[in-house]
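To start, the structure itself, in structure tokens.
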Protein chains: 2
Amino acid sequence: MADLRNMGGHGGEALLYLTDEQLRQGIEAMFFAYRGFTADPDRILQGMSYGRAHHRAIHFVNCAPGTTVNNLLNILGVTKQSLNRVLRTLIADGLIESRVGRADKRERHLYLTEQGRELEQKLSDAQRARMRAAYREAGPDAVAGFRQVLEAMMDSEMRRNYVALREGRA
Amino acid sequence: MADLRNMGGHGGEALLYLTDEQLRQGIEAMFFAYRGFTADPDRILQGMSYGRAHHRAIHFVNCAPGTTVNNLLNILGVTKQSLNRVLRTLIADGLIESRVGRADKRERHLYLTEQGRELEQKLSDAQRARMRAAYREAGPDAVAGFRQVLEAMMDSEMRRNYVALREGRA
DNA sequence: CTTGGAATGTCAACAAGGCTGACTTAAAAT
DNA sequence: ATTTTAAGTCAGCCTTGTTGACATTCCAAG
């Protein structure tokens, strides 16, 4: 196993970074990193009768306010029954507000309430803190690479959602 | 929202890559990418009465053959009851072999059987294929950055596991 | 030798959060 | 007027996580 740092891309295309061993390490890094990624919000949520599913719903309602249930379904990639269970409790607890659509009255548009925004802040503060620490430690070039690889790893459908969210309205 | 590509690190330390918006995008990228990351093995496993938990057990037994149950517990970060349920079915189905320890007969050392190695191959081939495609698309510099950020994102305990696995024997 | 503790396994119960299928309601589209 | 669509709901099932209680087996220390 030779050192891999000194190949810097370009040039002769040695492709040492594509060995099975390198890929295995990437797979494991992804596994352990994702655990870290979700650890802080999970800790906050445990003991307040919410879980990771509630976090996800709150997150995406926050960054795409007024989104419909159907839209959220596509983003999250779960069934409506599954999402509805989560949404129902969040609406009942006054964290999310569901407004009947003006143009199409079948649709429900979802918004965070003041209370919902509070929890969202608490959760995303924790998650961003870890992310920020990791970004700072790794530096801007590493971050650019990180984002590039993640984008390439998504399913094309998911990438569409991701890009749509990134570009403002969903 | 200015363009962010043109800051290349170093120099004046603009730290634009640490804005809340950039962090939010990183969080979402992580979410969508992890879905892609697990999608292929999940597809293979569904309908053969195994799930992601079985995949994880098989993966780590494969790359650290002879590991003890306790060791696996620490790596996976689940309870022994949870792991045991998974392990029991894998042993019963002849994918994993459990040998009583020579030195300490309380310990059980875990090995993949030939059949187990077959399934492991099938699963990791699928996962590696996606990883390889992403790596190739992003290029070696991006991959180095990807790995750096992931490592910085792990809990310190998990990072120890990760490093131990990377350096050979667990 | 006996006793304490560690490693493992097992049983039971439970919860979160996925899933499917069936069905209702209301509104939109044809 | 009929069909399709969006949403919600009910019931039931599966996987995978959790606790708690308890048995077994074996090492090691008193």
Side-chain angles (χ1 to χ4, degrees), chain A residues 31 34-35 38-39 41-61 66-93 96-111 170, chain B residues 31 34-35 38-39 41-61 66-93 96-110:
Chain A
F31 171 70
Y34 197 77
R35 306 262 313 270
T38 56
D42 281 0
R43 226 181 330 265
I44 291 171
L45 286 163
Q46 88 173 7
M48 60 185 298
S49 80
Y50 294 142
R52 208 176 288 179
H54 299 84
H55 180 195
R56 290 198 284 256
I58 287 174
H59 175 98
F60 285 109
V61 168
T67 189
T68 64
V69 172
N70 224 359
N71 197 346
L72 204 50
L73 242 43
N74 290 330
I75 292 174
L76 295 175
V78 297
T79 59
K80 68 174 174 176
Q81 293 90 333
S82 207
L83 174 59
N84 200 249
R85 179 171 34 199
V86 165
L87 234 35
R88 208 186 316 159
T89 69
L90 289 172
I91 291 169
D93 295 351
I96 283 186
E97 191 192 348
S98 167
R99 295 185 209 153
V100 172
R102 287 177 304 114
D104 186 334
K105 292 181 198 162
R106 289 170 305 178
E107 297 180 340
R108 308 298 147 93
H109 298 271
L110 304 171
Y111 300 88
Chain B
F31 170 71
Y34 197 77
R35 307 260 313 266
T38 56
D42 282 0
R43 229 183 324 269
I44 292 171
L45 287 164
Q46 86 172 11
M48 61 186 298
S49 79
Y50 294 143
R52 207 177 288 179
H54 300 84
H55 179 196
R56 290 198 282 254
I58 287 174
H59 176 98
F60 285 109
V61 168
T67 190
T68 63
V69 172
N70 222 7
N71 197 345
L72 203 50
L73 241 44
N74 290 329
I75 292 173
L76 295 175
V78 296
T79 59
K80 66 177 175 177
Q81 293 89 334
S82 204
L83 174 59
N84 200 250
R85 179 173 34 202
V86 164
L87 235 33
R88 207 187 317 158
T89 69
L90 290 171
I91 291 169
D93 295 351
I96 283 185
E97 192 191 347
S98 166
R99 293 185 209 153
V100 173
R102 287 178 303 113
D104 186 338
K105 292 180 198 165
R106 287 169 303 180
E107 296 181 341
R108 308 300 147 93
H109 297 271
L110 303 171

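In what follows, chains carry the letters A, B, and so on, assigned in the order in which the sequence lines appear, proteins first and then strands, with residues in each chain numbered from 1.
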Give every pair of a protein N or O atom and an N or O atom of nucleotides 23-30 of chain D that lie under 3.5 Å apart, one pair per line with the distance.
none

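Interatomic distance, A:Lys80 NZ to A:Leu83 CG, rounded to the nearest 0.5 Å: 11.0 Å. Distance check: B:Leu76 CG to B:Ser82 OG gives 9.5 Å after rounding to the nearest 0.5 Å.
Contact of B:Gln46 with C:dG18 (side chain to base): no donor-acceptor pair of N or O atoms is detected under 3.5 Å.
The salt bridge (Lys or Arg N to Asp or Glu O under 4.0 Å) check on A:Asp93 picks up nothing, with sequence neighbours excluded. Legend: residues meeting salt bridge (Lys or Arg N to Asp or Glu O under 4.0 Å) with A:Glu97, ordered by chain and number and at least two apart, are A:Arg99. Remark: A:Arg102 engages no residue in a salt bridge (Lys or Arg N to Asp or Glu O under 4.0 Å) (not counting sequence neighbours).
In this structure, CG of A:Leu45 is placed 16 Å from C1' of D:dG17, rounded to the nearest angstrom. A straight line from CG of A:Asp42 to P of C:dA15 spans 19 Å, rounded to a whole angstrom. Taking atom CG of B:Asn74 as the reference point, atom P of C:dA6 lies 15 Å away to the nearest angstrom. Here the C1' atom of nucleotide C:dT10 and the CG atom of B:Leu87 are 14 Å apart, to the nearest Å. Nucleotide D:dG8 holds its C1' atom 15 Å from the CD atom of A:Glu107, rounded to whole Å. For the pair B:Leu73 CG and C:dA6 C1', the interatomic distance rounds to 13 Å; values are reported in whole Å. Computed from coordinates, the A:His109 NE2 to D:dA7 C1' distance equals 12 Å when rounded to whole Å.
Close to D:dT16, at under 4.0 Å from its OP1 or OP2, lies no side-chain N or O of B:Ser82. The side chain of B:Asn70 contributes no N or O atom lying less than 4.0 Å from OP1 or OP2 of C:dA6. Applying the 4.0 Å criterion to OP1 and OP2 of D:dT9, one finds that A:Arg88 has a side-chain N or O inside that range. One finds no side-chain N or O of A:Thr79 lying less than 4.0 angstrom from the OP1 or OP2 phosphate oxygen of C:dG18. Considering only side-chain N and O atoms, A:Asn84 lies nowhere under 4.0 angstrom from the phosphate OP1 or OP2 of D:dA7.
Judged as a salt bridge (charged side-chain N to carboxylate O under 4.0 Å, His left out), the pairs with a partner in residues 46-60 of chain B (not counting sequence neighbours) are, in order, B:Asp42-B:Arg52.
Ranking D:dA21, D:dC10, C:dT8 by closeness to the B:Thr68 side chain, first place goes to C:dT8. Closest to the side chain of B:Gln81, from the set C:dG9, D:dT9, D:dG20, is D:dG20.
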Verdict with supporting geometry, A:Tyr50 and A:Thr89, side chain to side chain contact (heavy atoms under 4.5 Å, CB included): CA-CA 9 Å; A:Tyr50 294 142; A:Thr89 69; 4.1 Å; yes
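Closest approach of B:Leu87 and B:Ile96 over heavy atoms only: CD1-CD1, 4.0 Å.
Between B:Asn70 and B:Glu107 the shortest side-chain heavy-atom distance does not fall below 4.5 Å. Between B:Arg108 and B:Val100, the closest side-chain pair of non-hydrogen atoms falls below 4.5 Å.
In this structure, B:Gly101 reaches neither bases nor backbone, as no heavy-atom distance under 4.0 Å exists between it and the strands shown.
A heavy atom lying under 4.0 Å from DNA chain C marks the following residues of residues 47-58 of chain A, by number: A:Gly51, A:Arg52, A:Ala53, A:His54, A:Arg56.
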